[in-house]
Amino acid sequence: MDKSMLGDLDSLPEADKQRMSTMIDQLQIRDSLRMYNSLVERCFTDCVDTFKHKSLTKQEETCIRRCAEKFLKHSMRVGMRFAELNQGAATQD
């Protein structure tokens with residue numbers, strides 16, 4: 001967890017800080033799982049066309065690899081943009 005997120009919580013008792021830290025960690029885990037599930041669902045839906053074989057075809061593997069790379073690059077770019085906006089908002093205060 002990013003400790004700077006707790007910077008404004010210095011006035012809270014230690015037990016409350018710990019609870020907040022735990023809650024933030026749980027939210028980050030939930031968001032990571034949600035992103036992973038979205039990636040799997042989207043790429044599977046877009047790339048897997050047939051169930052004739054129990055393993056993926058070469059074309060399906062390539063499609064899934066490209067889909068996952070695009071999804072992760074997009075997610076990273078969105079995260080970086082939010083960080084930029086958040087940093088800009090923090091400097092305006």
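Heavy-atom basis, side chains included; hydrogens, waters and symmetry copies ignored. Each residue takes its place number in the sequence, starting with 1.
Not one N or O on the side chain of S38 forms a donor-acceptor pair closer than 3.5 Å with the backbone of R34.
Taken to the nearest 0.5 Å, the CD atom of Q59 stands 11.0 Å off from the CD1 atom of I64. Separating the OG atom in S32 from the CZ atom in R30 is a distance of 10.5 Å, to the nearest 0.5 Å.
Looking at residues two or more places apart in sequence or on another chain, you find a salt bridge (charged side-chain N to carboxylate O under 4.0 Å, His left out) between R19 and D16.
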Without placing hydrogens or testing angles, list every side-chain donor-acceptor pair under 3.5 Å for residues 40-57, not counting sequence neighbours.
residue: T45; atom: OG1; partner: E41; partner atom: O; Å: 2.8
residue: T50; atom: OG1; partner: K52; partner atom: N; Å: 3.3
residue: T57; atom: OG1; partner: E60; partner atom: N; Å: 3.1
residue: T57; atom: OG1; partner: E60; partner atom: OE1; Å: 3.4

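When hydrophobic side chains of Ile, Leu, Val, Met, Phe, Trp and Tyr are connected at separations under 4.5 Å, I29 ends up clustered with L33. Hydrophobic cluster membership of F82, counting Ile, Leu, Val, Met, Phe, Trp and Tyr whose side-chain heavy atoms lie under 4.5 Å apart directly or via other members: V78.
Residue pairs meeting the side-chain hydrogen bond (donor to acceptor under 3.5 Å, both in side chains) criterion with at least one member in residues 66-83, sequence neighbours excluded: R81-E84.
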